[in-house]
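What you see is a predicted model, and the numbers here were worked out from it, not measured in a lab.
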Amino acid sequence: MGNYKGLTKEQGHQQRARTTVLLMNLGTPSEPTTSAVRRYLAEFLADPRVVEIPKLIWLMILHGIILRVRPAKSAALYQQIWSEAGSPLMAITQKQTQKLADQLQAHGEKVNVDFCMRYGEPSVSDTLKRLHKEGTDKLVVLPLYPQYAAPTTASAFDALSKELSTWRYLPALHFINTYHDDPGYISALAASIKRDFEFHGRPKKLVLSYHGMPERNLHLGDPYYCFCMKTTRLVVEVLGLQDSEYVTTFQSRFGKAKWLGPYTDATLTQLAANGVDDVAIICPAFSADCLETLEEIEHENREIFEQAGGKKYRYIAALNDEPQHIDMMANLVKPYLAR
């Protein structure tokens with residue numbers, strides 16, 4: 001690092017003048033196969049930020065049980081959402097990156113926009129190494145997790161700092177750690193819900209389903225739960241909803257520990273049993289549609305709701321590459337672009 005091959009020392013230093021906006025998302029298997037999913041899960045589930053169990057014990061469980069059973073099941077689910085463009089998360093993140101670049105350049109910002117994945121490819125390390133060679137000397141990093149959480153946002157910072165710790169010349173660094181209450185984000189969420197209501201009519205209940213997390217994390221000081229609740233409060237204020245018209249839930253549990261509740265699947269079952277047979281569901285913690293939204297929410301939880309007696313169920317897509325979402329990203333990073 002710090003060695004400009006083929007250039008004199010003076011030429012190398014003169015060329016180091018580039019700002020890069022770097023989007024970071026969770027990641028995806030490279031293909032919907034058992035072997036690719038196993039590689040992805042091995043990296044993801046080995047992260048101590050993701051699973052806070054003593055390392056030796058957890059590695060025995062992970063490699064002795066989970067990675068022998070779960071990859072085939074997950075691969076079958078990925079196959080259901082895979083498209084000609086590949087992984088939905090990857091395709092959407094690529095669109096977000098290009099549209100953000102176009103947006104910033106149209107407003108006169110001379111910046112590079114790139115992306116990487118916390119797990120899988122393109123990796124944080126490989127992407128940063130490439131940006132270093134290309135002359136990036138300022139990094140504005142936007143992890144695409146609206147609500148800060150240690151297993152997501154902090155893990156992204158861990159990977160970032162691990163690579164940067166090997167650099168001799170560090171770039172100026174701006175790390176945007178949360179935007180759960182950003183006015184542009186709240187406005188974009190509310191607008192997407194309003195469009196759905198105008199097209200389909202107002203449901204009996206709006207379900208705002210966030211990704212789950214062990215309840216223990218909240219007690220240890222992780223603000224994720226509080227940030228999710230604030231997002232809900234701000235969105236429903238814009239929409240003018242009464243308390244009886246919405247509910248906040250948490251999805252995607254893993255393991256036997258108690259997780260943040262109420263649980264999305266159990267809530268949908270209870271709603272249907274109580275005669276609430278028309279729901280719309282949105283997942284504010286996801287910046288791009290992926291397995292947890294397109295399969296778990298769109299299909300699995302629809303089936304749960306309908307089997308419990310529900311009649312009308314619709315999933316409101318993630319913000320993805322919608323113009324308001326791109327505007328929000330641009331406004332988040334702009335304050336850090338001036339030299």
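Summarising the local packing, OH of Y225 is surrounded by 12 or fewer heavy atoms from other residues, nucleotides or ligands at distances under 6.0 Å. The environment of CZ in R233 is crowded: more than 12 heavy-atom neighbours from other residues, nucleotides or ligands sit within 6.0 Å. Around the NZ atom of K334, the shell of radius 6.0 Å holds more than 12 heavy atoms that belong to other residues, nucleotides or ligands.
Two residues are said to be in side-chain contact when any heavy atoms from C-beta on lie closer than 4.5 Å; Y336 and I176 meet this criterion. Between P71 and Y40, the closest side-chain pair of non-hydrogen atoms is not below 4.5 Å. At a threshold of 4.5 Å between non-hydrogen side-chain atoms, the residues F254 and P214 do not count as touching.
Taking CG of L189 as the reference point, atom CG of L319 lies at 5.0 Å (rounded to 0.5 Å). Between the CE atom of M329 and the CG atom of D182 there is a distance of 11.5 Å, given to the nearest 0.5 Å. Taken to the nearest 0.5 Å, the CG atom of D222 stands 11.5 Å off from the CD atom of Q147. Here the straight-line distance linking atom CG of L291 with atom CD of E296 works out to 7.5 Å at 0.5 Å rounding. Distance OG1/T152 to CG/L144: 11.0 Å, rounded to 0.5 Å.
Here F157 and F175 bring their ring centres to under 6.0 angstrom of each other.
Each of L271, I297, I316, T267 was scored for a side-chain contact (heavy atoms from CB on, under 4.5 Å) with V207, with one residue passing: L271. Only one option out of T127, T136, D137 pairs with T20 in a side chain to side chain donor-acceptor pair (under 3.5 Å); it is T136. Here the options are E306, K312, K205, K204, the test is side-chain contact (heavy atoms from CB on, under 4.5 Å), and the partner is D277; only K204 passes. Exactly one residue among T248, L241, D243 makes a side-chain contact (heavy atoms from CB on, under 4.5 Å) with V236. That residue is L241. Considering Q94, K99, Q96, Q98 as possible partners of D321, the one that fulfils the side chain to side chain donor-acceptor pair (under 3.5 Å) test is K99. Screening Y185, Y145, Y148 for a ring-ring contact (aromatic ring centres under 6.0 Å, His included) involving Y179 leaves a single residue, Y185.
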Exercise for the section: Take N301 and Y315 through the side-chain hydrogen bond (donor to acceptor under 3.5 Å, both in side chains) test and state the conclusion after the steps. Expected result: CA-CA 10 Å; N301 279 270; Y315 166 62; over 6 Å; no
Handout entry: Verdict with supporting geometry, Q270 and Y263, side-chain contact (heavy atoms from CB on, under 4.5 Å)
Key = CA-CA 11 Å; Q270 190 63 50; Y263 301 150; over 6 Å; no
Exercise for the section: Check the pair D278, K311 against salt bridge (Lys or Arg N to Asp or Glu O under 4.0 Å), reporting the backbone distance first and the verdict last. Expected result: CA-CA 6 Å; D278 179 3; K311 296 178 181 178; over 6 Å; no
Practice task
Give the C-alpha distance, both sets of side-chain angles, the deciding distance and a yes or no for side-chain hydrogen bond (donor to acceptor under 3.5 Å, both in side chains) between T264 and S209.
Solution key: CA-CA 6 Å; T264 299; S209 177; 2.8 Å; yes
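Between the side chains of Q103 and D327, a donor-acceptor pair is found at a separation under 3.5 Å. Inspection of the T232 and Y210 side chains reveals an N or O donor paired with an N or O acceptor under 3.5 Å. At a cut-off of 3.5 Å, with distance as the only test, a side-chain donor of E215 or H219 sits close to an acceptor on the other residue.
Side chain of R70 to backbone of I66: no donor-acceptor contact under 3.5 angstrom is found.
In this structure, E134 pairs ionically with R130, as a charged nitrogen and a carboxylate oxygen lie closer than 4.0 Å.
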